[in-house]
Amino acid sequence: MAAVPKIYINGKYYDQPDAKISVYDHGLLYGDGVFEGIRIYSGKAFKLKEHVARLFESARSIKLEVPISEPEMVKAINDTIALNNKRDGYIRPIVTRGAGSLGLDPRKCSDPQVIVIVDDITMYPPELYESGMEIATVSTIRNHPNAVNPRIKSLNYLNNILAKIEGIQAGCLESLMLNHKGEIAECSGDNIFLVKHGVLRTPPIDAGILEGITRNTVIELAKLASVPVEEIALTRHDVFVADECFLTGTAAEIIPVTKCDARAIGTGKPGPITQQLRAAFFRMARA
Ligand code: PMP
């Protein structure tokens, strides 16, 4: 039988069934908090420093003071991986606003909760990584940057969940979201890349997206492989006429997209640059 996962809450470890927080926590009541998703490859958290930096930036942006420092968070994460004896898996650090009253005022929350969950994850069926997946453009647009900025990885993921529901209703496991200007933003839980005439293209951060750590890694790997990269405003037209398309995310890793809105992309099969970047990504992750 698999061992019961040990969950970190505020410096203590609990067996998963005993890992509980208050029903008055504003993380639950209002989605008031932040989180991260990190992969463990060969016993090591991938891009840990970058994920912890983004977690603290998300917290700062919502004026949430994390009760531990960045190095303490890194240690809490590494200790939780070691305690759970994970070689390959997924880490979910969470910081909630803490328990308050039944009103929005965050000043009434005095005990932010720091939680670290280590578990397994499989995002998409393995065969889709070989054949490519189908996505659909949905009518729910990505949050306006002046509402909840998509750069904040907040506990309120309803914008993305609404998009996900529409995608599922269209028979797709991932949904393509436009921004308030009608440009391509990102998918419900993944960033998007296109390849056109040998150039890798992806929406810029100011399209209103999460600055994906896998996205940044792929850009870095493309540059190392002398594949030109453009961070540029894109429309559905660019998707329809692209030679290749793929999505990136910590959980999804790099997954080819071969159909969008029932139209084949390129040859309808995962393309060579997608394959090349996937191989380079796994070489780096497992190094
Ligand atoms: N966009 C959104 C909305 C996400 O939630 C995620 C993470 N699942 C990503 C992009 C990919 O980011 P990362 O590569 O840092 O996991």
Side-chain angles (χ1 to χ4, degrees), residues 31 33-41 45-59 61-62 77 89-94 117 119-124 129 133 135 137-138 140-145 147-167 172-180 183-194 200 202-222 229 231 234 245-257 274 277-278 280-282 284-285:
V34 295
F35 76 102
E36 272 300 319
I38 310 169
R39 277 259 179 192
I40 311 164
Y41 292 110
F46 184 64
K47 300 274 176 193
L48 180 55
K49 235 177 51 213
E50 288 83 349
H51 280 283
V52 170
R54 189 172 67 183
L55 180 72
F56 276 69
E57 279 201 357
S58 293
S61 186
I62 68 162
I77 290 170
Y90 183 80
I91 313 155
R92 172 60 54 88
I94 302 161
I117 304 170
D119 213 325
D120 301 317
I121 196 161
T122 306
M123 195 68 185
Y124 300 120
Y129 288 82
M133 80 187 301
I135 62 174
T137 312
V138 295
T140 302
I141 62 162
R142 194 69 177 101
N143 279 334
H144 191 292
V148 180
N149 195 306
R151 296 190 69 177
I152 304 167
K153 205 165 165 63
S154 88
L155 289 180
N156 192 323
Y157 248 52
L158 269 181
N159 179 219
N160 315 61
I161 290 166
L162 290 175
K164 182 93 182 172
I165 289 168
E166 281 189 76
C172 294
L173 292 179
E174 187 50 296
S175 314
L176 180 57
M177 303 177 80
L178 308 179
N179 65 16
H180 61 284
E183 300 157 352
I184 302 294
E186 60 180 337
C187 290
S188 70
D190 301 307
N191 292 113
I192 185 165
F193 282 86
L194 304 176
L200 189 62
T202 196
I205 305 305
D206 65 14
I209 61 171
L210 181 74
E211 185 177 357
I213 287 162
T214 321
R215 170 191 184 275
N216 290 351
T217 305
V218 163
I219 291 174
E220 188 188 313
L221 289 170
V229 182
E231 292 181 58
L234 298 165
C245 176
F246 62 88
L247 309 182
T248 64
T250 294
E253 299 170 310
I254 298 176
I255 185 157
V257 173
T274 306
L277 290 169
R278 273 196 78 207
F281 179 80
F282 286 115
M284 183 192 230

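Just the heavy atoms: all of them, side chains too, but no hydrogens, waters or symmetry mates, feed the values below. These numbers come from a predicted model, not from an experiment. Read the numbers this way: they start at 1 and go in the same order the structure lists the ligands and their atoms.
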- request: Ignoring angles and geometry beyond distance, decide whether Gly37 reaches within less than 3.5 Å of ligand 1 through its nitrogen or oxygen atoms.
  value: no

query: Any idea which atoms of ligand 1 are less than 4.0 Å away from a heavy-atom of Asn160?
result: 3 (C)

statement: atom 7 (C) of ligand 1 sits nearest the protein heavy atom Lys153 NZ, 3.3 Å

message: I need the contact type for Glu253 against ligand 1. Using non-hydrogen atoms and a strict under-4.0 Å cut-off, is it side chain, backbone, both or neither?
response: neither

- prompt: What's the shortest heavy-atom distance between Thr217 and Met284, and which atoms?
  reply: CG2-SD, 3.5 Å

N or O contact, Gly189 vs ligand 1, cut-off under 3.5 Å: yes

field: Minimum-distance protein heavy atom relative to atom 14 (O) of ligand 1
entry: Thr214 OG1, 2.5 Å

message: Can you name the atoms of ligand 1, numbered from 1 with element, that are less than 4.0 Å from a heavy atom of Gly249?
response: 11 (C), 14 (O), 16 (O)

- line: What one should report as the nearest heavy-atom pair of Leu173 and Lys164 is O-NZ, 2.8 Å

message: Does the plane of the ring in Tyr157 sit parallel, tilted or perpendicular to the ring in Phe35? Use 30° and 60° as the thresholds.
response: perpendicular

message: Ring-plane angle category for Phe46 and Phe281, please: parallel below 30°, perpendicular beyond 60°, tilted otherwise.
response: perpendicular

- request: Classify the contact between Leu210 and ligand 1 as side chain, backbone, both or neither, using a heavy-atom distance cut-off of under 4.0 Å.
  value: side chain

task: Please confirm whether Arg215 comes within less than 3.5 Å of ligand 1 when only nitrogen or oxygen atoms on both sides are compared.
output: no

- request: Tell me, please: is Glu36 in heavy-atom contact with ligand 1, that is, under 4.0 Å?
  value: no

- prompt: What's the shortest distance from atom 12 (O) of ligand 1 to any protein heavy atom, and which residue and atom give it?
  reply: Gly212 CA, 3.4 Å

Side chain, backbone, both or neither: Asp190 near ligand 1, heavy atoms under 4.0 Å: backbone

- line: protein heavy-atom neighbour closest to atom 16 (O) of ligand 1 works out as Thr250 OG1, 2.6 Å

message: Please classify the Ser188 to ligand 1 contact at 4.0 Å (heavy-atom distances, strictly less than): side chain, backbone, both or neither.
response: backbone

field: Closest contact, heavy atoms only, Ser61 versus Ile152
entry: OG-CD1, 3.4 Å

- prompt: Is the closest side-chain heavy-atom distance between Glu253 and Met123 below 4.5 Å?
  reply: no

query: Looking only at protein heavy atoms, which one is nearest to atom 2 (C) of ligand 1, and how far off is it?
result: Glu186 OE1, 3.5 Å

message: Please report whether ligand 1 has a polar contact with Tyr157, defined as an N or O pair separated by less than 3.5 Å (distance criterion only).
response: yes

message: Under 4.0 Å between a side-chain nitrogen and a carboxylate oxygen: does that hold for Glu36 and Lys47?
response: no

- prompt: Under 3.5 Å, N or O to N or O, is Arg142 touching ligand 1 that way?
  reply: no

- request: Would you check if Glu231 and Arg215 make a side-chain contact, meaning some heavy-atom pair closer than 4.5 Å?
  value: yes

